Number of protein chains: 2
Amino acid sequence: MQDDEAPRRRGRPKSLDRERLVDIAMRAYWEAGPQGVSVNALCQMAGISKPSLYREFGGEDGLMRAALEAYAASVLDRVVGLLDGPGSFAERLDAMASFFAEDPVFAHGCLFTKLRAAKPLAGDDTRALVVAIEADTRAAFAAFLQSARDGGDWAGCVPVALGARYLDAQFGLALASRAAGVPVAEVRAVLDLALSVFVARAAS
Amino acid sequence: MQDDEAPRRRGRPKSLDRERLVDIAMRAYWEAGPQGVSVNALCQMAGISKPSLYREFGGEDGLMRAALEAYAASVLDRVVGLLDGPGSFAERLDAMASFFAEDPVFAHGCLFTKLRAAKPLAGDDTRALVVAIEADTRAAFAAFLQSARDGGDWAGCVPVALGARYLDAQFGLALASRAAGVPVAEVRAVLDLALSVFVARAAS
DNA sequence: ATATATTCGTACCACTAGGTACGATAAATT
DNA sequence: AATTTATCGTACCTAGTGGTACGAATATAT
């Protein structure tokens with residue numbers, strides 16, 4: 001890292017704090033949902049003018065994509081950390097359940113799942129990133145389940161691909177429930193019941 | 001039924017076909033989602049003027065509620081028909097899975113679940129009906145499970161209330177998946193896996 | 001025929017959405 | 001000091017939202 005190698009160009013120095021705006025947008029889209037936040041409102045929150053926003057991000061789509069990128073880097077990456085983390089198959093599954101159903105981070109739901117649900121309404125760039133993250137997540141779930149099967153921790157006749165879709169669906173359901181205000185305990189109970197299909201057969 | 005006992009009042013005879021408008025609104029909200037349909041668009045589809053709509057329904061909220069009422073009467077009532085229908089517990093569970101995951105009626109998803117997801121955006125009247133239907137559905141699921149438990153068809157330590165929430169959640173998930181365009185076979189596979197928690201313990 | 005009652009739709013309202021033209025501003029370069 | 005370059009924000013644009021004022025239209029009652 002060569003510091004911020006003084007690129008002192010000509011012109012008026014820019015006062016727009018890109019990181020700050022992206023962070024504000026991420027939190028706003030996250031809490032209120034993409035439909036519940038307008039560029040006008042975002043500009044007001046950040047204390048900047050609309051042309052500044054459009055100069056930096058090209059439009060609503062660009063800002064939304066940047067917000068989703070920041071979200072993926074700060075929140076979604078923790079998921080793969082749990083998937084590849086230590087502990088047995090059952091322990092890691094339980095850690096995932098705790099994370100999605102109980103962690104305060106998801107008190108207002110998940111920006112990614114909200115954007116995925118509002119897929120047709122987002123711009124092209126945002127939508128493209130959504131499907132990319134979707135594919136990555138699926139692949140991570142599939143790899144997690146495949147290693148469990150190879151290790152003999154997950155017996156049964158359920159194909160790995162179906163299991164990955166199932167994990168995706170159930171975690172998404174839990175996150176949507178939390179966004180809807182369902183009590184944490186209920187979300188956890190439903191999710192635990194859903195995930196019991198991965199462990200019940202061998203145990204009893 | 002005393003026919004349409006000529007209530008020939010004074011004034012200009014009304015040309016607005018209430019049923020037709022409700023039906024058009026119901027299908028539009030159903031397919032495009034409540035966010036995707038404006039009153040202007042609805043008026044254009046029905047070939048009427050906006051004041052006519054407001055005279056009849058008082059506003060967007062009134063029309064949306066009427067559309068949801070029509071939907072509940074024509075589609076949602078079929079669910080309780082399946083719950084109270086003939087067959088064993090497992091057979092009725094399977095019938096429900098077929099209905100939600102495969103029936104062409106739900107090719108575009110479910111109006112009720114879409115309205116429930118967009119809860120904060122609908123008007124007061126519509127929202128009230130949504131929560132009422134929600135409660136009825138929950139109660140119907142709970143009664144269904146209670147009778148299964150009483151009849152010895154559903155053993156296990158899962159409380160009835162949790163089972164009802166679980167059914168609600170999983171059926172809602174299936175309907176949302178169908179609305180999102182997920183292939184019928186995949187929706188069915190995920191739903192079957194989720195519902196296996198009701199039968200697996202005793203079988204194996 | 002005239003008055004009354006009721007429904008009709010044209011044309012508007014205020015408001016918000018995403019997006020932009022353009023002159024003011026503030027630095028480096030000459 | 002004058003010029004160039006780049007970013008700034010005020011003020012506007014078009015399109016679309018839910019909603020309404022009001023006069024024209026069409027029936028019955030007098």
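Owing to the predicted nature of the structure, the values given are computational and were not obtained by experimental measurement. Reminder, nothing fancy here: chain letters follow the sequence lines and each chain counts from 1.
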So, [X] and [Y], do they make that salt bridge, N to O below 4.0 Å?
| X | Y | answer |
| --- | --- | --- |
| B:E56 | B:K14 | yes |
| A:D94 | A:R188 | yes |
| B:R65 | B:D61 | no |
| B:D23 | B:R20 | no |

Of the candidate nucleotides [options], which contains the atom at the shortest distance from the side chain of [X]?
| X | options | result |
| --- | --- | --- |
| A:N40 | D:dA27, C:dG18, C:dA28 | C:dG18 |
| A:R10 | D:dT17, D:dT5, D:dT7 | D:dT5 |
| A:S52 | D:dA27, D:dG9, C:dG19 | D:dG9 |
| B:S38 | D:dT17, D:dC8, C:dT20 | D:dT17 |
| A:P13 | C:dA26, D:dA25, C:dG18 | C:dA26 |

Roughly, in whole Å, what's the span from [atom1] in [X] to [atom2] in [N]?
| X | N | atom1 | atom2 | result |
| --- | --- | --- | --- | --- |
| A:K50 | D:dT10 | NZ | P | 12 Å |
| B:L16 | C:dG9 | CG | P | 8 Å |
| B:I48 | D:dA25 | CD1 | P | 20 Å |
| A:K14 | D:dT5 | NZ | C1' | 14 Å |
| A:Y54 | D:dC13 | OH | P | 17 Å |
| A:E56 | D:dG9 | CD | P | 12 Å |
| B:F57 | D:dG19 | CZ | P | 14 Å |
| A:E60 | C:dT16 | CD | C1' | 13 Å |

Exercise. When the nearest nucleotide of DNA chain D is assigned to B:G59 and to B:G11 on a heavy-atom basis, which residue is associated with the more 5' position?
Worked result: B:G59
Exercise. Is there a side-chain contact between B:V160 and B:F141 (heavy atoms, below 4.5 Å)?
Worked result: no
For this session: Report which part of the nucleic acid A:P51 touches: base, sugar-phosphate, or nothing (heavy-atom distance under 4.0 Å, all strands).
Result: base
Exercise. Between A:R55 and D:dC8, is there a side-chain N or O to OP1/OP2 distance below 4.0 Å?
Worked result: yes
Exercise. Is the phosphate of C:dC8, meaning OP1 or OP2, less than 4.0 Å from a side-chain N or O of B:S49?
Worked result: no
